[in-house]
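Notes follow the structure.
In each ligand, atom 1 is the first atom listed, and ligand 1 is the first ligand listed.
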Amino acid sequence: MSYIEFEPKYRTYTIMDREHEQLISIINRFFDEWVGNKGVNSLPYLLELAEYGQNHFDSEERFMENNHSNNIEEHKAIHKKLMERLVEMIQRIQNGEEITMETFQFLQHWLMNHIAGTDKASYGVLGNKAH
Ligand SMILES: [Fe+2]
Ligand SMILES: [Fe+2]
């Protein structure tokens, strides 16, 4: 069973869903590996998440601009903050902070609250059209 399920409430019914699915899949792979082997080297997963996350934010900002979505500037500022928080977390882990369930709770909130809140609010109208 996956740590994060891509439930309907998280879907935006736009092409962005595929990228969200990729991000969820990185966290789920990381979780599975951690459950199976607590001594997992977490860094590759976190770096993959940071890299794919940044690519997704860039791609989503272009997508919103092309579609005249709501609150783009505010949304961009939130993306910037999210990346900062992720980088801070990665640095703490690099400095020896242990991976625990709280790590995964953080990642889940980090990604899913943003999708369910800000993403859907910005381009939810588009999503409804495409639905
Ligand atoms: Fe997104
Ligand atoms: Fe976003």
Side-chain angles (χ1 to χ4, degrees):
M1 175 128 172
S2 302
Y3 180 62
I4 304 175
E5 297 287 343
F6 198 22
E7 296 167 44
K9 66 177 175 190
Y10 296 122
R11 292 190 184 272
T12 63
Y13 302 97
T14 69
I15 52 166
M16 288 297 115
D17 280 355
R18 218 173 307 152
E19 296 186 8
H20 292 155
E21 216 157 1
Q22 281 299 318
L23 288 164
I24 292 168
S25 135
I26 297 169
I27 297 174
N28 282 339
R29 277 191 281 119
F30 178 26
F31 183 74
D32 287 346
E33 185 65 20
W34 178 73
V35 167
N37 169 21
K38 300 275 174 178
V40 61
N41 178 5
S42 56
L43 212 52
Y45 294 100
L46 292 169
L47 294 179
E48 188 182 349
L49 190 63
E51 191 183 330
Y52 197 88
Q54 186 61 62
N55 287 342
H56 167 61
F57 290 163
D58 293 344
S59 136
E60 189 175 79
E61 288 166 14
R62 281 194 302 274
F63 168 79
M64 290 191 294
E65 272 157 11
N66 291 338
N67 289 289
H68 310 288
S69 302
N70 306 315
N71 306 324
I72 298 180
E73 288 312 312
E74 195 186 330
H75 198 137
K76 282 185 181 174
I78 293 173
H79 282 167
K80 201 162 167 272
K81 266 262 163 288
L82 285 173
M83 281 315 298
E84 284 167 10
R85 287 177 58 207
L86 183 66
V87 168
E88 276 166 22
M89 196 201 98
I90 294 175
Q91 281 168 349
R92 286 202 309 274
I93 288 170
Q94 280 178 309
N95 289 333
E97 185 176 287
E98 205 189 333
I99 308 286
T100 64
M101 272 312 289
E102 278 175 25
T103 313
F104 293 98
Q105 280 159 7
F106 168 86
L107 291 174
Q108 175 169 23
H109 290 157
W110 179 82
L111 180 62
M112 304 317 280
N113 286 358
H114 180 70
I115 294 175
T118 311
D119 282 355
K120 288 193 87 163
S122 277
Y123 51 85
V125 179
L126 276 177
N128 290 340
K129 258 191 251 164
H131 195 164

Shortest-distance N/O/S atom, Glu60 versus the Fe ion (ligand 2): OE1

Ionic contact status for Lys76 with Glu73, cut-off 4.0 Å: yes

Note: Glu61-Lys80 ion pair, threshold 4.0 Å (strictly below): no

Metal-centred angle, the Fe ion (ligand 2) as apex - NE2 of His79, NE2 of His114, 10° resolution: 90°

Aromatic plane relationship, His56 with His20 - under 30° parallel, 30 to 60° tilted, over 60° perpendicular: perpendicular

Residue His56, metal the Fe ion (ligand 1), N/O/S under 2.8 Å: yes

Which atom of Asp119 approaches the Fe ion (ligand 2) most closely (N/O/S): OD1

Check ion pair Glu84-Lys81 (N to O, under 4.0 angstrom): yes

N, O or S atom of Glu19 closer to the Fe ion (ligand 1) than 2.8 Å: no

Parallel, tilted or perpendicular: rings of Tyr45 and Phe30 (30°, 60°): parallel

